[in-house]
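Shown next, in structure tokens, is the structure this report addresses.
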Amino acid sequence: MKSRLEKVYSKLPNQKVNLKAHKVALSLVSTILTEADAFDQAESEASYLAYDYGDEIMDAYSDFRVKYNLDDYIINGSTTDLGDITEILSDALNELETKANELGIDANEIYDNFDDLKQRVDNAPSLLSDAKDKYREVIGYTGFPDFWKNA
């Protein structure tokens, strides 16, 4: 006669446990636990970039470009015209000075602040060169396109 314990054991399925499969499963769980935190961090950062941060950067860049509209400043401004205007004005000032000397009067009597304007016109090529250098530095730093004519 079988004991109660033997009867219970006899009713249990007679399967062998594959310990190798359990070791593989435990190894996979360990890998999952190890990588899950890194995945959460990477997923969070990617989500923020994809759905928020990228748009924030583009909005800030757009605001920056509107506030510091260098393209428009150069294209529609008169900075790049300084060289041409200087040549015309320099010729006119030199001729005025010559005519004033011929008449025996000071050019300031014909045009107020003649000396001041003449000095500024004489310094204009240096100023234009400095402005162009700074423009090139800014576009090199910001990546803005180069719209300065007569490069």
Tell me, do R136 and D146 make a side-chain contact under 4.5 Å, heavy atoms counted? yes
Determine which pairs satisfy side-chain hydrogen bond (donor to acceptor under 3.5 Å, both in side chains) with at least one residue from residues 38-51, sequence neighbours left out, and list them in order. Q41-E45, Y48-E56
Distance col, row E137:CD vs T142:OG1, nearest 0.5 angstrom, shows 10.5 Å
Which residues share a side-chain contact (heavy atoms from CB on, under 4.5 Å) with I57, sequence neighbours left out: Y53
Taking ring-ring contact (aromatic ring centres under 6.0 Å, His included) as the test, write out the residues that go with F147, two or more places apart. none
Can you confirm whether E102 is buried at CD, in the sense that more than 12 heavy atoms of other residues, nucleotides or ligands lie under 6.0 Å from that atom? yes
With sequence neighbours excluded, residues passing side-chain contact (heavy atoms from CB on, under 4.5 Å) with D115: N108
Considering only residues two or more places apart or on different chains, which pairs with a residue in residues 70-114 satisfy ring pair (Phe, Tyr, Trp, His ring centres under 6.0 Å)? none
Side-chain heavy atoms of L89 within contact of L117, under 4.5 Å: yes
Any residue meeting ring-ring contact (aromatic ring centres under 6.0 Å, His included) with Y135, in chain and number order, not counting sequence neighbours: W148
Counterpart residues, salt bridge (charged side-chain N to carboxylate O under 4.0 Å, His left out), relative to D81 (two or more places apart): K149
Contact list for residues 61-75, test salt bridge (Lys or Arg N to Asp or Glu O under 4.0 Å), sequence neighbours left out: R65-D71
With sequence neighbours excluded, residues passing side-chain contact (heavy atoms from CB on, under 4.5 Å) with N94: S90, E97, K118
Is it possible for you to say whether L82 and L93 belong to one hydrophobic cluster, with membership spreading through side-chain heavy-atom contacts below 4.5 Å? no
Return the CG to CD1 distance between D112 and I110, rounded to the nearest 0.5 Å. 11.0 Å
Only counting residues at least two apart or in another chain, list the ones meeting side-chain contact (heavy atoms from CB on, under 4.5 Å) with E35. T31, A38
Show every donor-acceptor pair shorter than 3.5 Å between a side-chain atom in residues 124-131 and any protein atom, with sequence neighbours excluded, or say none if there are none.
none

Not counting sequence neighbours, which residues clear ring-ring contact (aromatic ring centres under 6.0 Å, His included) with Y68? List them please. F64
